[in-house]
Asks: 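Sharing a structure below in structure tokens format, with a few things to ask.
A, B, ... follow the sequence lines: proteins, then strands. Residue 1 opens every chain.
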Amino acid sequence: MDLPNAAIADALEELGDLYELDGAIVHRVLAYRNAAKTVREASVSVAALARTGRATELRGIGETLQQKIITLLDTGTTPSTERLRAKFPSGLIAITRLPGLGPKRARLLFTELEIDSIEKLREAALAQRLRTVKGLGAKFETGVLEALGRMAADPPERAAGRLLLPRAIELGETLAAGLIERAAPGTHVQMAGSARRMADSVKDIDLIAITTKPTTLAQSLAGLPEIESVSSAGKPGARGRTHSGVSVDLRVAKPAQLGNLLQHFTGSGPHNAALREAAVRKGLHVSEYGVLEDSSQATRTCAGEEEVYELLGLAYIEPELREHRGELEAAAGGELPRLIELEDIRGDLHCHTVASDGKNTIEEMALAARERGYEYLAITDHSASHGFGDDVSPEQLRRQIELVRAANAQLEGIELLAGSEVNVMPDGSLDYEDELLGELDWVIASVHTSFGMGEQSMTERMIAAIEHPLVDAIGHPTGRLIGRREPYAVDLDALFAAAARTGTMLEINANPDRRDLSDIHARAAMRAGVRILIDSDAHRTDTLQNMRWGIATARRAWLTAADVANTRPWAELGKLRKQTRQ
DNA sequence: GCCGTTTTCGGCCCGACTGTTTTCAGTCG
């Protein structure tokens with residue numbers, strides 16, 4: 001089987017790193033990194049594209065890179081990779097990852113002091129040999145030791161310091177509220193950055209403010225109870241750190257510039273870079289301060305972000321789409337999708353009760369769902385082989401079905417569906433008999449065991465579940481836990497094709513630890529013709545509201561309400577199911 | 001290395017900070 005996109009992307013990234021060490025011009029290095037990003041996020045197999053000569057249709061891949069990809073597929077490496085690996089030890093790339101050190105200094109240390117690993121760097125810094133290199137001094141040496149100390153305390157492989165989105169938003173909103181409370185009347189503070197783009201996780205908190213007293217506001221950051229220290233309270237803002245070690249960046253603007261500042265600090269970096277490149281071609285230069293026009297030499301400022309995009313001839317781009325995944329082209333061509341919203345959701349088809357590992361009863365879950373305005377709710381407790389004492393035997397499931405039916409008969413204003421989240425066994429079978437599954441209104445099948453099996457077996461296992469005539473949907477299809485567990489090895493293209501062919505829906509599980517399918521996977525699934533479902537997977541009444549994180553993922557996947565099955569009434573949704581279930 | 005309703009060659013986003021400088025290179029977001 002050909003290399004997956006992630007492996008090709010890794011190879012291109014390594015090559016970019018190596019060329020950077022080799023002193024290549026920055027644009028060539030960037031070309032490799034852009035290509036790696038494009039490959040990683042492609043919704044089809046880049047290996048297959050390259051083999052048919054069509055990889056050049058992807059943005060950032062030209063003839064040269066297509067050829068290199070083919071060589072990589074055929075031989076497992078490329079000549080330039082091998083040549084540069086022989087020239088630069090792998091430890092050098094690790095050195096460039098340290099803050100304050102980049103390719104130039106890593107190479108300088110290698111040629112001057114033969115430093116080719118983190119260990120040798122530490123030894124040389126302790127022996128005060130770094131300062132002997134021309135262009136480096138004592139402060140640099142101290143900086144290196146500090147960076148090494150922080151790395152030891154916080155290894156990069158732990159993806160350290162990243163906050164899951166809900167925690168980031170909670171923290172950001174708390175800080176914003178604290179600043180407003182201490183500020184002059186009329187002060188406005190809001191979050192920007194990756195939290196505003198609703199990314200899976202967030203590295204630091206970006207806050208944007210407008211106020212009549214910028215200095216006072218910047219100083220008041222230090223007074224917030226969550227803030228441990230403020231490192232630089234510069235002119236138009238301040239940078240601090242919370243007690244939990246999260247960096248906080250506060251930037252202050254005049255009201256007339258709010259749009260420019262918000263646009264700049266919402267990012268992403270690649271989105272802004274591409275936006276500015278496109279702007280230059282129109283004779284415009286975009287920065288956080290305004291838009292400079294070549295012809296008049298005048299700088300236009302924008303109170304709102306809409307104006308920034310309008311000046312560039314673009315439709316407004318929602319923050320969730322600003323990842324340089326084709327949004328600029330779509331905005332220029334008037335082809336941006338109308339993104340799904342939380343209000344579009346009419347029901348939730350995955351939740352648990354006290355019958356398995358949930359904390360609330362059927363009635364409590366039903367009332368909470370009705371309170372949210374839902375028209376229907378599927379009760380989907382775990383199945384017969386689930387561990388932790390939370391299994392539901394066939395007899396218990398029969399009883400549960402009766403309880404759901406009784407509750408449904410009693411409750412007005414919401415339709416309760418008797419369902420189950422059935423385990424997909426390692427051999428692809430389900431852990432209830434078909435006869436029992438046939439009595440259910442809704443069946444969602446999930447993998448909860450044997451995550452470590454090989455790609456081929458896992459793919460066969462999941463496709464068997466997809467092809468099962470009584471399975472309506474697959475729950476959390478990749479099993480990832482954000483920042484903690486990688487997706488299982490599975491051929492997603494094959495899964496998407498099987499799901500589209502059989503009419504089996506794939507879930508965006510809205511649990512903020514999962515968000516599975518991810519934005520990129522959900523977009524690829526939608527393009528493959530798969531019907532998407534967004535479920536809370538709530539285990540108690542108050543986590544029904546996790547739906548919002550699933551909506552965020554769906555929006556980042558460019559999904560409209562029409563792409564998502566549970567924006568429909570239950571009667572209509574039922575008709576979207578595979579033939580055997582209608 | 002990519003890419004083109006101003007270019008198939010010559011460009012390729014913008015600004016801030018830091019440290020080691022005496023005018024700027026390297027790094028970062």
Side-chain angles (χ1 to χ4, degrees), chain A residues 12-13 15-16 18-39 55-69 78 80 95-109 130-144 146-147 192-194 202-206 231-232 234-239 247-249 251 253 257 260-261 263-292 294-295 299 308 312-313 324 328-329 332-333:
Chain A
L12 292 175
E13 241 158 48
L15 207 36
L18 287 167
Y19 274 125
E20 188 175 43
L21 278 172
D22 201 33
I25 60 161
V26 62
H27 303 108
R28 192 176 179 205
V29 175
L30 266 175
Y32 276 91
R33 294 194 177 144
N34 284 333
K37 175 176 153 64
T38 295
V39 169
T56 52
E57 291 170 16
L58 298 171
R59 179 189 39 234
I61 311 261
E63 280 300 332
T64 309
L65 280 179
Q66 174 161 268
Q67 274 312 313
K68 289 206 180 197
I69 290 170
T78 73
S80 33
I95 289 176
T96 66
R97 302 271 187 269
L98 287 169
L101 277 148
K104 298 278 165 53
R105 285 173 183 161
R107 188 179 173 177
L108 185 67
L109 293 171
L130 301 186
R131 64 181 68 178
T132 62
V133 178
K134 184 173 161 55
L136 305 179
K139 284 220 173 159
F140 172 76
E141 210 166 59
T142 326
V144 166
E146 282 171 8
S194 50
V202 169
K203 189 156 70 66
D204 45 29
I205 305 288
D206 288 304
S231 61
S232 60
K235 299 131 272 180
R239 168 167 291 192
S247 294
V248 179
D249 218 347
R251 290 287 299 245
Q257 285 179 314
N260 304 102
L261 195 68
Q263 196 285 321
H264 175 81
F265 279 97
T266 297
S268 65
H271 171 86
N272 283 353
L275 178 88
R276 288 167 181 178
E277 274 176 35
V280 168
R281 288 197 282 274
K282 294 177 183 248
L284 299 168
H285 302 270
V286 178
S287 79
E288 61 262 53
Y289 303 110
V291 179
L292 170 67
D294 276 339
S295 56
T299 297
V308 180
L312 305 177
H324 193 34
L328 292 170
E329 294 84 343

Asks: On DNA chain B, nearest-nucleotide positions of Gly60(A) versus Gly283(A): which is more 5'?
Replies: Gly60(A)
Asks: Distance check, rounded to the nearest 0.5 Å: Ile69(A) atom CD1 versus Ile61(A) atom CD1?
Replies: 4.5 Å
Asks: Rounding to an integer number of angstrom, what distance separates dG15(B) and dT22(B) when you compare their C1' atoms?
Replies: 23 Å
Asks: Measuring from the side chain of Thr64(A) (C-beta onward, heavy atoms only), which nucleotide among dG15(B), dG29(B), dG1(B) has the closest atom?
Replies: dG1(B)
Asks: Expressed in whole Å, how much space separates the C1' atoms belonging to dA16(B) and dG10(B)?
Replies: 28 Å
Asks: Can you measure from CG (Leu12(A)) to NZ (Lys37(A)) and round to the nearest 0.5 angstrom?
Replies: 14.0 Å
Asks: Which nucleotide in the set dT20(B), dG1(B), dC14(B) lies at the smallest distance from any side-chain heavy atom of His285(A)?
Replies: dC14(B)
Asks: Check every strand shown and say whether Ile25(A) touches a base, only sugar-phosphate, or nothing at a heavy-atom separation below 4.0 Å.
Replies: base
Asks: Let's see if you can work this out: which of dC14(B), dG1(B), dG26(B) has an atom nearest to the side-chain heavy atoms of Lys104(A)?
Replies: dG26(B)
Asks: Scan Ile61(A) against the nucleic acid and name what it touches under 4.0 Å (heavy atoms): base, sugar-phosphate only, or nothing.
Replies: sugar-phosphate
Asks: Can you tell me how far apart CD (Gln66(A)) and CD (Glu57(A)) are? Round to the nearest 0.5 Å.
Replies: 9.0 Å
Asks: With rounding to the nearest 0.5 Å, note down the distance linking CD1 in Ile95(A) to CZ in Arg107(A).
Replies: 14.0 Å
Asks: Looking at Lys134(A), I'd like to know whether one of its side-chain N or O atoms comes within less than 4.0 Å of OP1 or OP2 on dT21(B).
Replies: no
Asks: What nucleotide among dG29(B), dG1(B), dC14(B) has an atom nearest to a side-chain atom of Ser287(A)?
Replies: dC14(B)
Asks: Determine if the base of dT21(B) is syn or anti; take syn to mean the glycosidic torsion is within 90° of 0.
Replies: anti
Asks: Between His27(A) and dG1(B), does any side-chain N or O lie under 4.0 Å from OP1 or OP2?
Replies: no
Asks: Quantified in whole Å, what is the P atom distance between nucleotide dT6(B) and nucleotide dG1(B)?
Replies: 28 Å
Asks: Heavy atoms, side chains only, cut-off 4.5 Å: are Asn272(A) and Gln263(A) in contact?
Replies: yes
Asks: Which of these nucleotides, dG15(B), dG29(B), dG1(B), is closest to any side-chain atom of Ala31(A)?
Replies: dG1(B)
Asks: Using the P atom in both, what is the distance from dT20(B) to dC28(B), to the nearest Å?
Replies: 15 Å
Asks: Identify whether any heavy atom of Tyr32(A) sits under 4.0 Å from a base atom; if not, whether one sits that close to sugar-phosphate; answer base, sugar-phosphate or nothing.
Replies: sugar-phosphate
Asks: Base, sugar-phosphate alone, or nothing: which one does Lys282(A) contact when heavy atoms must sit under 4.0 Å apart?
Replies: nothing
Asks: At 4.0 Å (heavy atoms only), tell me whether Ala138(A) reaches a base, stays on the sugar-phosphate, or touches nothing.
Replies: sugar-phosphate
Asks: When you get a sec, tell me which of dC14(B), dT27(B), dT20(B) is the closest nucleotide to the side chain of Val280(A)?
Replies: dC14(B)
Asks: With P as the reference atom in both, quote the distance from dC14(B) to dT8(B) in angstrom, rounded to an integer.
Replies: 23 Å
Asks: Once you apply a heavy-atom cut-off of 4.0 Å, does Leu12(A) come out as touching a base, just sugar-phosphate, or nothing?
Replies: nothing
Asks: Taking the side chain as every heavy atom from C-beta outward, state whether Leu261(A) and Gln257(A) have any pair of such atoms under 4.5 Å apart.
Replies: no
Asks: Base, sugar-phosphate or nothing for Arg105(A)? Non-hydrogen atoms, less than 4.0 Å.
Replies: sugar-phosphate
Asks: Under 4.0 angstrom, heavy atoms only, what part of the nucleic acid is Gly269(A) near: base, sugar-phosphate, or nothing?
Replies: nothing
Asks: Looking across every strand, which nucleic acid part, if any, lies under 4.0 Å from Val26(A) by heavy atom: base, sugar-phosphate, or nothing?
Replies: nothing
Asks: Across all strands, who's sitting opposite dT8(B) as a Watson-Crick or G-U wobble pair, both distances under 3.5 Å?
Replies: none
Asks: Assuming nearest nucleotide by heavy-atom distance, tell me which of Gly137(A) and Leu98(A) is located more 5' along DNA chain B.
Replies: Gly137(A)
Asks: Among the nucleotides dC28(B), dG15(B), dG1(B), which one has an atom lying closest to any side-chain atom of Pro99(A)?
Replies: dC28(B)
